[in-house]
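First the structure, in the form of structure tokens, and then the observations on it.
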Amino acid sequence: MFMKKFIVSIQYFVKHHIQNAGLFIGLSFATFVAIASIGFLAGHIERDSLHRHAKLDSLQSLSVVRSNLERELNKSLFQLSALAAYISVNPDIAEEGFNIFTRNLLRQKSHIISIGAAPDMVVKYVYPYEENKAALGLDYRQTGDYRDLAFLAKARGEQVTAGPLMSVQGKEVLIARTPVYLAEDNGTKSAGSFWGIISGLIDVNELFEGTGIDHQDYNISIRGRDGMGADGDVFHGDKISFIDDNVRLSVSVPGGSWQIVASPKVRLNKEPSEIVLIRLISLFLCLSVLTFAVFRLRYLQERDAEKKKLEVALLDAEKANRAKSEFLANMSHELRTPLNAIIGFSDLISSVTENTDRKDKVSEYAVDINQSGHHLLQIINEILDLSKVESGNFTTTIETVYIQDIAEQTLRMVRNSIAKGELETHNSISDDLPAIQSDERMVKQIFLNLLSNAIKFTPEGGEIMLSADVEKDGRVKIVLKDTGVGMSEAELVIALEAFGQTDSYLVRRQQGTGLGLPLVKAFVELLDGDFHIQSQVGVGTEIAMIFPVE
């Protein structure tokens, strides 16, 4: 009666209080969202407006920088083109003529720091001479660092650039290659034939001066080394600028492009005072709702915790009561059977001793008494062993254990039961299986329990197979397989519980405490091993145990 009232009280609590808590959370959340939405909507609109203005301003500034960069770069490239045009009509130019024309060309404002001419891909002329004379005789066809760019210019028939990169003189330079083609027939070469390559080194720092790249409001970053655009490396500024949502523009360079981006040096979030006031009011209201909700939910959680404690207490009480009842029912039968046998056969012996004609039965009765006593002792030992393991008081004696010897010993111990059940056994455990460091008594008990179970639950004519091998990690794996009645998944869960016995007729017709498998699993885990079991009704059961060598 008390238990029934207790369950009804819990159901009422769940039905009313938990539902009310959910409703309260929903209302609190809706109120919080509504206030926050109204409070931040105006600020969001204003922020979008400021963001659009900032984008337009950065786009305007970046457009100016791009225009200046293209202008300054084209100015230097135009000078190289002028030299190429001069050589195309004077292909037999001498060194003195090259120096005079180049010197006059570079008197104009230019970012070019050196020029070289390579007829037939071999450098023959350089200016200024002293700083660049080491390059004379350089064959672009044989030099890997220069070959690709030179042949790219020849293949395209137009200027191409590479870099920026660091020059021998320690300056960051841009390399420009311009192909030269004859303007008219010249000896063996016809008009339009390839003459060679004009190369120029452009000082990048001088190129950037006056372009606005050092903007007072924006950090300008550039990527696209070797004219690779968005796929090229960043060679000026910060890589992070390209990750953020900043304005980007492309700068045309011979043979490709650069990409420039402008990120604000100072990010301002200035908002009108009215928006600030609305946000403060909405923040105050949200905090008020949040505070009230937190205190209310804490109260509900504490009450819910009490409810859960009551539920757990009820479940534990019911489980303990059920386990006690099942245990007593099983033990009353298991203990009464051997005790009745012992008492009965003892009475028979007493009566037989008075009758000399039936003394030949004494030996048979003594055997039955002995078997019943051993059975009773086994039941008590299993209960005590499992109790010790669960309480952590079971001690182990580590020694060298040979699995093959244990298997042979235990098979001999149960040979009478195997013969009685007309079963076939197959022991394929190799004699050279490595020894393990473990508790020999526990390992032997494991084998005995598993073989006893296999014998009990395998019909006549069935098979029991033992095998073992070494895993890749060096551990020893032992497998015991039978062709017994098997178990379903649900029955397997019950069988692995202490005192658990399934409802299957084929299983329950056998005597036992239900401690065999749980005790084996506990022993294997106590020895740092792994225990696995698979079973199928009508097919049989396979148990695998993996033991560490050490």
Side-chain angles (χ1 to χ4, degrees), residues 73 76-103 105-106 111-204 224-229 231-233 235 253-257:
L73 182 60
S76 299
L77 296 175
F78 177 77
Q79 292 175 327
L80 291 177
S81 299
L83 178 59
Y86 178 77
I87 294 178
S88 66
V89 296
N90 297 282
D92 298 325
I93 186 173
E95 180 179 359
E96 182 178 358
F98 174 82
N99 291 335
I100 293 173
F101 187 86
T102 304
R103 182 171 57 252
L105 186 66
L106 296 185
H111 307 299
I112 298 176
I113 57 177
S114 66
I115 295 178
D120 295 325
M121 295 291 192
V122 179
V123 178
K124 185 176 181 180
Y125 311 113
V126 293
Y127 184 87
Y129 179 79
E130 291 298 329
E131 291 86 344
N132 300 281
K133 62 183 179 180
L136 291 174
L138 179 67
D139 191 344
Y140 291 156
R141 295 168 298 187
Q142 303 297 328
T143 308
D145 295 338
Y146 302 97
R147 185 180 187 279
D148 293 341
L149 190 63
F151 276 88
L152 180 62
K154 178 182 178 182
R156 290 187 177 182
E158 59 183 13
Q159 285 181 332
V160 294
T161 57
L165 48 83
M166 197 62 64
S167 68
V168 178
Q169 294 81 6
K171 292 184 177 182
E172 193 174 16
V173 297
L174 188 70
I175 301 176
R177 303 275 196 236
T178 303
V180 179
Y181 297 91
L182 297 179
E184 55 187 19
D185 296 340
N186 181 37
T188 60
K189 293 185 178 181
S190 60
S193 298
F194 179 73
W195 178 85
I197 294 290
I198 300 295
S199 300
L201 297 184
I202 301 173
D203 191 322
V204 174
R225 192 183 302 275
D226 297 331
M228 296 182 65
D231 296 329
D233 296 335
F235 59 85
V253 298
S257 65

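The model shown is predicted, which means the values in this text are computed figures rather than measured ones.
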Distance-minimising heavy-atom pair for [X] and [Y]:
X: Pro119; Y: Lys124; answer: CD-CB, 3.7 Å
X: Ala153; Y: Val160; answer: CB-CG2, 3.6 Å
X: Ala183; Y: Ala191; answer: O-CB, 3.8 Å
X: Gly157; Y: Pro179; answer: C-CG, 3.6 Å
X: Lys154; Y: Tyr181; answer: O-OH, 3.0 Å
X: Thr178; Y: Ala84; answer: CG2-CB, 3.8 Å

Checking the side chain of [X] only, and the main-chain atoms of [Y] only, is there a donor and an acceptor separated by less than 3.5 Å?
X: Thr161; Y: Pro254; answer: yes
X: Trp195; Y: Ile87; answer: no
X: Arg141; Y: Met121; answer: no

Fill in: Test side-chain contact (heavy atoms from CB on, under 4.5 Å) applied to Leu136 and Tyr129, step by step
CA-CA 9 Å; Leu136 291 174; Tyr129 179 79; 3.6 Å; yes
Worksheet entry | Test log, rule side-chain contact (heavy atoms from CB on, under 4.5 Å), inputs Asp185 and Ser190 | CA-CA 4 Å; Asp185 296 340; Ser190 60; 3.5 Å; yes
Working to the nearest 0.5 angstrom, can you tell me the gap between [X] [atom1] and [Y] [atom2]?
X: Ile93; Y: Tyr86; atom1: CD1; atom2: OH; answer: 4.5 Å
X: Glu95; Y: Tyr127; atom1: CD; atom2: OH; answer: 12.0 Å
X: Ile202; Y: Leu77; atom1: CD1; atom2: CG; answer: 4.5 Å
X: Asp120; Y: Tyr140; atom1: CG; atom2: OH; answer: 13.0 Å
X: Ile197; Y: Arg177; atom1: CD1; atom2: CZ; answer: 7.5 Å
X: Ile112; Y: Thr102; atom1: CD1; atom2: OG1; answer: 9.5 Å

Practice prompt. Run the numbers on Phe98 and Val126 for side-chain contact (heavy atoms from CB on, under 4.5 Å), then give the verdict.
Written response: CA-CA 8 Å; Phe98 174 82; Val126 293; 5.7 Å; no
Discussion item. Could you tell me if the side chain of Pro128 sits less than 4.5 Å from the side chain of Asn132, heavy atoms only?
Written reply: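 Yes. Closest side-chain heavy atoms under 4.5 Å.
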Practice prompt. Applying side-chain contact (heavy atoms from CB on, under 4.5 Å), run through Ile115 and Leu106 and close with a yes or a no.
Written response: CA-CA 10 Å; Ile115 295 178; Leu106 296 185; 4.0 Å; yes
Worksheet item: Can you name the one residue among Asp226, Asp203, Val204, Ile175 that meets side chain to side chain contact (heavy atoms under 4.5 Å, CB included) with Pro164?
Response: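 Output: one option passes, namely Val204.
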